[in-house]
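Just so it is clear, the values below take in all heavy atoms, side chains as well, and ignore hydrogens, waters and symmetry mates.
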Amino acid sequence: MEYLYSDPVDTTNYDDEGFASGIPVRVHKQAHLADRGAMRAQEDWKKEVGPLPIGFVGTMCPNGPNSTALMGAEMLPDRLEITAYGIELSFLIDDMVDQGESSESLSGIMKDLTDKINVTESGEWTLAHEKITPITRLLMKWITEMMQMDATRTLSTLKWFKNLYDPVAKALGRANLPDLDTYLQRRIVSVGSSLGFGILLFAMDLEIPDDQQQSCFALSKSGYICAALSNDYYSWDREFKMAARGEEGTQLHNAIEVLMRTKGLTIEEAKKLCIETAKHYGREYKKVFESLKDRDDLCADAYKMSCAMQLILSGSVFWSQRTPRYHPDRELPPVKGLKTAITSNGYVATNGVHNVKSGRPEAKIVRDVAPLGNEHLIAPSLYLDQAPSKGVRERLIKVLNIWYDVTEEDAALIKSAVALLYGASLMIDDIQDSSPLRHSCPSVHAIFGEAQTVNSTGFRYVQALLEVRKLNSERCMEIFCDELTNLYIGQSHDIFWIQGLECPSEDQYLSMVDGKTSGLFRMIARFLDAKSTFLVKPDLVSMVRFVSLLGRLFQIRDDYMNLTSLDYTKQKGFCEDLDKGKYSLPLIHALRKSAGDDIVTSNLLCNLLAQQRRDGKLTTKQKQIIVEQLEKLGSLAYTRDALDVLQGELREMAREMGIVENQEIKSMLAALEV
């Protein structure tokens with residue numbers, strides 16, 4: 001398996017004691033996201049449920065990685081935080097059960113929750129709300145966030161969550177199990193084998209046929225038993241002390257206890273037998289995994305899943321040796337390569353884990369310190385820039401520069417400045433529109449949060465300004481400020497119409513597009529004109545009008561395709577503009593036309609838009625009704641005609657300016673046809 005998202009852990013002075021049979025330990029490159037998810041789960045728990053369980057220690061680990069970052073080392077980075085959120089909730093629920101504060105186990109709660117989820121043929125899902133406890137509400141929040149990211153994989157995951165509940169295991173209870181085999185039958189459920197398997201389907205975006213999923217799960221059983229027994233070995237001291245203190249509700253649920261009671265062994269003898277049994281299953285699992293190389297009945301994603309299961313075992317053993325959940329008094333040196341930071345409350349933390357406050361600082365407060373790096377500032381930008389792009393503005397610079405002959409250095413600066421501004425506008429737009437997707441990938445704020453995204457956006461504007469300043473042109477600085485102002489004015493009207501449910505006139509809409517969408521197109525043309533020393537270059541007034549109309553064509557086509565294109569549906573979701581409450585040209589035409597000719601349809605459309613404003617989105621059926629009305633009122637046909645008129649005008653202007661024969665211009669206009 002090719003490792004894409006993880007690095008090897010420095011295992012100097014580490015011995016897996018034979019549990020993991022030498023399987024390498026790896027940690028996610030974005031391990032801090034796992035800590036962020038765990039912290040968010042704890043904060044939500046305090047708000048919804050109450051104080052954390054007494055002495056709670058979850059997935060986070062001082063001087064070491066979060067267990068989710070270890071056992072899920074190859075999870076997709078954009079799904080790591082939400083996965084860690086759910087796993088931290090499972091730790092919290094387990095501790096409530098261990099301390100006798102909850103009569104229902106995680107498996108029972110999850111079964112009850114998944115039983116209430118209904119999925120329609122169109123993929124929409126609802127949740128019955130008969131009995132919602134604070135814990136159920138948190139789990140609902142978790143599942144909802146997963147659904148918003150990838151409904152298909154989440155539904156596959158939920159099928160495995162149902163397997164957490166085993167009526168036989170429940171009937172056996174947590175105590176007085178007759179032998180080790182019966183205990184392991186019960187333990188394989190409580191260790192979360194189905195939970196872990198299901199989560200990996202979502203977190204790694206794996207598409208595995210149902211029959212192969214069952215095969216993968218069966219192949220991993222010995223690995224899960226090994227993980228369960230090693231976990232029992234490392235957690236024994238903690239559990240035994242809790243039981244010995246007679247803490248209310250605590251029960252010994254551990255293989256060592258079962259071996260002592262059923263075989264008459266001492267603690268040390270039972271520990272030794274637990275280790276030997278775990279090693280046996282570990283070796284068995286390693287043999288099973290090695291045999292996969294000779295199998296041709298598993299798809300590529302099924303093989304990835306099997307490789308990921310290895311990381312669960314090795315990561316579990318590594319984390320179990322270090323976590324203060326099992327070893328509260330053990331002090332270990334930090335794992336090399338992991339960052340240590342100071343959290344907002346003043347605690348020293350590694351990957352976000354709270355540690356004990358240190359004493360007085362050794363150095364004086366006036367000491368010189370190293371400046372902070374910009375890695376957090378630029379991370380949202382780097383994520384955006386790696387996403388697929390149509391490259392329209394870069395292409396326009398290349399096309400127009402044929403007539404302006406600006407130096408390569410200046411053209412590169414213009415390209416960089418415009419790209420920075422365009423990216424910044426996308427980041428802000430997605431926040432203001434509450435858009436979860438951008439080109440079929442999660443939007444920047446869906447991964448980095450709104451605050452960090454806004455901060456990174458501001459920095460992009462600063463970077464763009466610095467690039468323009470390198471052009472050494474006062475006129476270019478004026479153009480920059482002028483068109484950026486136009487962009488903000490256009491956006492302000494767009495937001496006002498959406499928030500106030502106020503349908504603009506067509507003229508107002510076109511003026512908004514001229515400012516918001518055409519602004520960067522005009523900036524390109526005006527920059528090139530300002531830096532060009534070419535004796536024969538296009539008339540600036542004509543060129544500005546040409547690119548302004550090109551911006552209109554681009555925006556109106558986008559409006560139309562958002563309502564009609566299957567490709568757009570795949571990238572952004574079905575009729576995403578309607579979820580935003582956006583007044584596009586087809587919708588404006590329909591509202592204006594129906595207001596005078598068809599009051600029934602007008603009321604229908606206005607009420608549906610009001611529902612969007614109230615709920616933040618529309619159902620698939622509601623959007624289908626709107627599209628049907630747009631078709632009936634001739635609004636989609638009107639928009640197609642408008643696009644044809646724009647195409648004709650642009651071609652005529654290109655002919656008049658003497659640029660119509662350029663193949664790139666022809667190709668660009670052809671690409672914008674519908």
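Looking at Asp44 and Tyr85, their side chains do bring a donor and an acceptor atom within 3.5 Å of each other. Of the N and O atoms on the side chains of Ser456 and Ser381, at least one donor lies less than 3.5 Å from an acceptor on the other residue. Looking only at atom types and distance, the side chain of Thr59 has a donor-acceptor partner in the side chain of Asn66 under 3.5 Å away.
Of the possible donor and acceptor atoms, one in the side chain of Thr457 sits under 3.5 Å from a partner among the backbone N and O of Thr453. Counting only distance, with no hydrogens or angles, the side chain of Asp430 and the backbone of Ser443 share no donor-acceptor pair below 3.5 Å. Trp142 contributes a side-chain N or O that, together with a main-chain N or O of Ile82, makes up a donor-acceptor pair within less than 3.5 Å. With hydrogens and angles disregarded, no donor-acceptor distance shorter than 3.5 Å links the side chain of Thr323 to the backbone of Trp319. At least one donor-acceptor pair under 3.5 Å links the side chain of Glu269 to the backbone N or O of Thr266. Remark: the backbone N or O of Ile208 is not paired with any side-chain donor or acceptor of Asp301 at under 3.5 angstrom.
In this structure the side chain of Phe318 never reaches within 4.5 angstrom of the side chain of Ile23, judged on heavy atoms. Using a 4.5 Å heavy-atom cutoff, the side chains of Val57 and Phe91 are not in contact. The shortest distance between side-chain heavy atoms of Arg40 and Glu81 falls below 4.5 Å. Residues Leu201 and Met305 form a side-chain contact, since some pair of their non-hydrogen atoms from C-beta on lies under 4.5 Å apart. No side-chain heavy atom of Cys307 sits under 4.5 Å from any side-chain heavy atom of Tyr3.
The side-chain hydrogen bond (donor to acceptor under 3.5 Å, both in side chains) analysis of residues 199-211, with sequence neighbours excluded, yields the pairs Arg153-Asp205. Applying the side-chain hydrogen bond (donor to acceptor under 3.5 Å, both in side chains) rule to pairs touching residues 303-317 yields nothing, sequence neighbours excluded.
The salt bridge (Lys or Arg N to Asp or Glu O under 4.0 Å) check on Arg137 picks up Glu48, with sequence neighbours excluded. With sequence neighbours excluded, no residue forms a salt bridge (Lys or Arg N to Asp or Glu O under 4.0 Å) with Asp7. Considering only residues two or more places apart in sequence or on other chains, Lys272 meets the salt bridge (Lys or Arg N to Asp or Glu O under 4.0 Å) condition with none of them. Not a single salt bridge (Lys or Arg N to Asp or Glu O under 4.0 Å) links Glu88 to another residue, sequence neighbours left out.
For Tyr326 and Tyr234, the gap between ring centers reaches or exceeds 6.0 Å.
Within 6.0 Å of atom CG in Leu372, 12 or fewer heavy atoms from other residues, nucleotides or ligands are found, so the atom counts as exposed in its surroundings.
The aromatic rings of Phe289 and Tyr285 sit tilted relative to each other, their planes meeting at an angle between 30° and 60°.
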